Amino acid sequence: MAMETESSDENEEAVEHVWQSREVQWSAASGVLLAIGFAVETLTHYEGLAVGIWIAATAAGIRYFAAEAIEELWTEREIGIELLMTVAAVTAGLLGLWEEAAMLAFLYSISEALEEFTEDRTRGAIRALMDLAPKRVQHIDSTGNQTEIALEDLAVDDRFLVRPGESVATDGTVVDGDSAVDESAVTGESVPIAKHPGDRVFAGTLNTTGALVVTATATAADNTLAKIVELVTEAQEQKGRTEQFMTRFSRRYSPAVLALGIAVAIGWGLIGGDWNEALIRAATVIVAAAPCALVISVPVTYVAAMGRGGRSGILIKGGIHLEELAQVNVMALDKTGTITQGRPQLDRITTAADTDDDRALALAAAIEQRSEHPLARAVLAAAADRGATIPAIEDFASLPGAGAQAVIAGTTYTIGSPALMRERSLDLATFDDDIAQMQDAGATAIVLADTEHVVAVLAVADTIRPAAAAAIAELHDIGVTSVVMLTGDNDRTAAAVAAQVGIDEFHANLKPQDKVDAIKTLTGTGGRVAMVGDGVNDAPALATASVGIAMGAAGSDAALETADVALMSDDIAKLPEAIALGRRTRTVVRQNLVLSLVILAVLVPGALFGVLSLPAAVIAHEASELIVITNGARLARNKTGRRTAQ
C-alpha cells in the first residue's frame with residue numbers, strides 16, 4: 001500500500017508539472033481542435049469550416065517542434081527529427097490534406113509530451129527527495145532553549161531536536177536520546193536503524209520512536225540528501241556509449257531521410273507525372289523513416305533506470321556506468337566493511353610470560369590511538385572498556401600497509417602483522433600455534449613487540465555480514481561467473497572468510513597497489529570487473545575496475561565522488577540489485593531497439609511502394625514511439641527482478 005501511495009503521489013506531481021508546460025498545453029489544444037474538426041465534418045458536412053479548424057490544429061501542434069527544427073537548422077546546421085516531421089506536416093497541408101497534417105502534428109507533439117512526462121516524472125521523484133527534510137527545525141541554543149528557525153539558518157555544529165514522527169532536518173550526530181530511524185528514503189534500507197548517542201543520522205530520514213538531540217554536521221545545501229539529488233540529476237545528463245551512438249546516428253540518418261523524401265518526390269513525379277501524389281508519397285516516406293522511436297529508446301530507458309536506482313539507494317553516475325553494470329561478470333570485493341561488518345572487536349590476547357593482558361592492551365592502544373584503521377579502533381575500544389591507563393608516546397611512525405611504531409617510556413614498540421615481525425627477525429615460535437588458531441577462526445592476529453622480543457598477540461575479529469552469503473549466491477544466480485575477495489589480511493583469515501560466504505577466489509596480504517594489479521589481471525583474462533570498496537582506501541582499485549562501487553556511501557563525500565556507483569547503505573544485498581538493474585535496463589533497451597528497427601523495416605518499404613497511406617504511417621510511427629516510451633518507463637516504477645541472468 002505504501003508503494004502504491006508513493007507511486008500515486010509521484011504521478012500526480014509529475015502530471016501537474018507537465019500540464020504547466022506550454023508545449024503540453026498547445027499539444028492538447030491541437031488534439032481538441034482535431035477532434036472538433038472531425039465532429040464538424042461528420043455532423044455538419046461544412047468541409048470548409050472543418051479545414052479551417054484542422055489548419056488551426058496543425059499550427060498548434062507544430063508550434064514548438066517546428067521552432068526547434070528551425071533553431072537546430074539555423075544555429076547548429078543540423079537536420080533533426082523535428083525538421084522531418086515539420087516538412088511532412090507542411091507538405092501534407094500545402095497539398096490540401098489538412099486532416100492528415102493536423103493528425104501528424106497532434107500525434108507527434110503528444111508523443112513528445114509523453115516523453116517529457118516520463119523523464120520529468122523520474123527527475124521529479126528524485127527532486128522530491130528534498131521535500132523529505134522539514135523546512136523548519138527546532139534549534140537548541142547553548143542554554144538549552146528551543147527556537148523554531150528556518151532550515152537554511154541552521155549552521156554546522158548547531159544542535160536541533162527531532163521529535164518522534166519528524167524527519168531529520170540535516171546530517172548530524174546524535175548527542176542525546178535513543179530511537180529507531182527509518183533510512184529507506186536515503187539508503188533503501190527497509191528496516192529502521194537503532195540510533196544512540198554518537199551515531200550518525202542523515203537528512204530526510206524519519207525518526208520513529210524516541211526524541212533525538214542532534215548536532216548538525218552539514219548545512220541544508222550540502223547534506224547527503226542534497227548530494228543525492230545533485231548526483232542523480234547530473235548522472236541523467238551523462239550519456240552512455242549506446243546513447244552517444246544513437247545521437248551520432250541520428251545526425252547522419254535524419255538528413256538521409258530528408259534526401260530520400262526529396263528523391264522520392266522527384267522520381268515519383270517524373271515517372272508517374274502526378275506531382276501531388278509524388279509529394280504525398282514523399283511526405284509518407286519521411287514520416288515512416290523518421291527515427292523517433294529509435295533515438296528516444298535509449299535515453300528514456302536510462303533516465304528511468306537511474307531514477308529507480310536513486311530512489312532505492314543505488315546512485316549510478318551516468319549511462320556509461322549503467323552499461324558497465326550490465327556487463328559485469330567478475331565481482332571483486334574488499335573484505336573489511338564489505339563482506340564483514342567493518343566493526344572489528346578484540347577477541348582475546350595472548351601475552352609473553354613477563355607481560356599481563358592489561359599492560360599489553362595499554363601499550364597497543366597507546367600506539368593505535370593515532371591510527372584510523374578499523375583494527376586500531378577495536379583495540380582502543382577494548383582498552384576503554386577495561387579502563388586501561390594509556391601511556392604517553394613519542395616518535396610515532398606509521399608503517400603503511402604493515403603497522404605502526406612509537407617510543408613508550410624509552411622503549412620502541414611496534415604493532416603490526418606477523419609477517420612484519422618475521423621481516424624484523426623477531427621469534428614468533430612461542431605464538432605460532434595461537435596465531436594459527438586465531439587466523440583459522442577468521443580473526444586477524446596483531447603482534448605487539450619491542451626491539452628484542454614479542455610482547456603479545458591480539459586477536460581482532462570482524463563479524464561477517466548476515467546477508468553476505470546470500471548476496472554472493474545471488475550474484476552467481478544472475479550470471480556473475482566469479483566473485484573474488486581482495487584483502488590486506490593474511491591467507492588463513494581470508495580463507496576462513498571466503499569459505500563461510502562462498503567466495504570463488506581470494507587474494508590476501510594485498511597493499512593498495514596490489515589490489516590495482518589484481519584488478520588488471522582479472523580484466524586481462526576477459527573479465528568485466530566491478531570493484532567494491534569503501535571509496536577511500538580502495539580508490540585506486542575502484543578507478544581501475546570497469547565499474548567502481550562504493551558501499552555505505554551515505555554521509556561520505558569521498559565515497560560519493562570516487563565511485564562510479566554508490567550504494568548509500570552498507571547492505572551487501574544491494575550489489576545483486578544493482579547488477580540486476582543494469583541487466584534489466586540492457587534488456588529493455590534491446591527490446592526497444594529491436595522494436596524500433598522492425599517498425600522502420602516495415603514502414604519504409606510500405607511507404608516507398610505506395611502500400612502505406614500518410615495517415616497510416618503517422619499512426620504507426622507515433623504508436624511505435626509511445627510503445628518504446630512506455631516500455632522504458634517501466635523501469636522507473638517497477639522493482640528489479642533478480643532471479644535470472646539477462
Side-chain angles (χ1 to χ4, degrees), residues 129-228 313 337 341-346 365 369 372 374 376-388 390 463 552-560 568-571:
L129 286 175
M130 293 301 293
D131 295 333
L132 295 175
K135 305 304 179 188
R136 301 189 66 80
V137 60
Q138 288 291 328
H139 176 261
I140 303 175
D141 63 21
S142 58
T143 64
N145 291 326
Q146 295 182 26
T147 308
E148 186 178 276
I149 64 173
L151 176 58
E152 291 76 12
D153 295 332
L154 191 70
V156 173
D157 292 332
D158 282 356
R159 290 190 305 158
F160 61 95
L161 175 68
V162 187
R163 299 187 182 93
E166 291 182 344
S167 294
V168 178
T170 191
D171 295 358
T173 302
V174 177
V175 293
D176 188 31
D178 299 281
S179 185
V181 175
D182 180 355
E183 298 183 342
S184 58
V186 174
T187 67
E189 173 59 57
S190 59
V191 179
I193 307 297
K195 298 292 181 181
H196 311 288
D199 291 338
R200 301 184 68 183
V201 290
F202 307 115
T205 56
L206 180 65
N207 185 26
T208 61
T209 53
L212 296 174
V213 177
V214 179
T215 297
T217 57
T219 64
D222 62 359
N223 59 37
T224 297
L225 204 58
K227 286 185 172 67
I228 292 174
Q341 299 277 14
R343 294 188 293 273
Q345 296 178 328
L346 182 66
Q369 64 186 338
E372 289 297 319
R377 291 195 289 273
V379 172
L380 291 171
D385 289 343
R386 296 191 186 189
I390 299 177
T463 307
S556 170
D557 291 348
L560 288 172
M568 300 307 292
S569 73
D570 57 3
D571 182 5

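If you're wondering where the values come from, they're calculated on a predicted model, not measured in any experiment.
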Shortest non-hydrogen separation from [X] to [Y] and the atoms involved:
X: Leu212; Y: Val174; value: CD2-CG1, 4.0 Å
X: Pro344; Y: Ala378; value: O-CB, 3.0 Å
X: Ala220; Y: Leu151; value: CB-CG, 3.7 Å
X: Ala169; Y: Phe160; value: N-CE1, 4.0 Å
X: Thr208; Y: Val181; value: OG1-N, 4.4 Å
X: Ala383; Y: Ala365; value: CB-CB, 3.7 Å

Results of side-chain hydrogen bond (donor to acceptor under 3.5 Å, both in side chains) for [X] - residues two or more places apart only:
X: Arg386; value: none
X: Thr173; value: none
X: Thr217; value: none
X: Ser142; value: none

Taking only residues two or more places apart in sequence or in another chain, which ones pass side-chain contact (heavy atoms from CB on, under 4.5 Å) with [X]?
X: Ala150; answer: Arg136, Glu152, Asp153
X: Ala218; answer: Thr170, Asp171, Asp222, Asn223
X: Val175; answer: Arg159, Val213, Thr215
X: Asp385; answer: none

Are Asn207 and Ser179 close enough that a side-chain donor and a side-chain acceptor fall under 3.5 Å? yes
Look up atom [atom1] in [X] and atom [atom2] in [Y], then write down how far apart they are to the nearest 0.5 Å.
X: Ile390; Y: Leu380; atom1: CD1; atom2: CG; value: 6.0 Å
X: Ile149; Y: Asp141; atom1: CD1; atom2: CG; value: 10.5 Å
X: His139; Y: Gln146; atom1: NE2; atom2: CD; value: 10.5 Å

Has Gln345 got more than 12 heavy atoms of other residues, nucleotides or ligands less than 6.0 Å from its CD? no
Backbone N or O of Val201 within a donor-acceptor pair of the Lys195 side chain at under 3.5 Å? no
